[in-house]
Amino acid sequence: MHIEIWLDGTDPPAGRVGGHDHELPFRGWIDLMAALSRLLGSMREEDGDLGARSQPELGEDV
């Protein structure tokens with residue numbers, strides 16, 4: 001998994017976060033964390049219910 005963060009400003013942090021052909025804007029720390037969560041969620045959906053690095057015998061990501 002590869003995620004890039006582009007900063008346009010630092011006070012508050014503002015820019016874009018992207019990976020796997022997805023790019024989301026953010027402004028502030030909470031918005032950055034929300035953008036990362038959305039990005040990771042969309043990557044996980046592409047990899048299937050358990051994600052690429054999961055252990056199917058355990059039924060959860062480890």
Side-chain angles (χ1 to χ4, degrees):
M1 175 184 311
H2 180 86
I3 296 174
E4 291 189 48
I5 299 174
W6 297 275
L7 286 175
D8 298 330
T10 57
D11 191 23
R16 302 173 324 277
V17 59
H20 278 281
D21 300 326
H22 295 84
E23 191 174 297
L24 301 169
F26 68 89
R27 182 168 179 82
W29 290 108
I30 293 174
D31 204 20
L32 171 58
M33 298 307 291
L36 286 169
S37 293
R38 287 191 307 269
L39 184 65
L40 291 172
S42 67
M43 287 180 177
R44 185 178 196 152
E45 288 172 6
E46 290 174 2
D47 290 335
D49 289 339
L50 294 175
R53 298 181 58 190
S54 63
Q55 301 295 317
E57 62 275 1
L58 298 177
E60 61 183 272
D61 285 348
V62 291

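Everything numeric here is computed off the predicted structure, so don't read it as measured data.
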Item checked: Phe26 and Asp8, any side-chain heavy atoms less than 4.5 Å apart -> no
Check: Which heavy atom in Arg38 sits nearest to a heavy atom in Pro25, and how many Å separate them?
Finding: NH2-O, 4.4 Å
Notebook entry, point to check: Does one hydrophobic cluster hold both Trp29 and Ile5, with members joined at side-chain heavy-atom distances below 4.5 Å?
Noted result: yes
Note to self: Please give me the minimum heavy-atom distance between Val17 and Ala35, naming the atom from each residue.
What the structure shows: CG1-CB, 3.6 Å
Item checked: Exceeds 12 heavy-atom contacts within 6.0 angstrom, atom CZ of Arg16 -> yes
Note to self: I'd like to know if Trp6 and Leu24 are part of one continuous hydrophobic network [Ile/Leu/Val/Met/Phe/Trp/Tyr, side-chain heavy atoms within less than 4.5 Å].
What the structure shows: no
Next item on the list: Starting at CG of Leu39, measure out to CD of Glu4 and round the result to the nearest 0.5 Å.
Entry: 11.0 Å
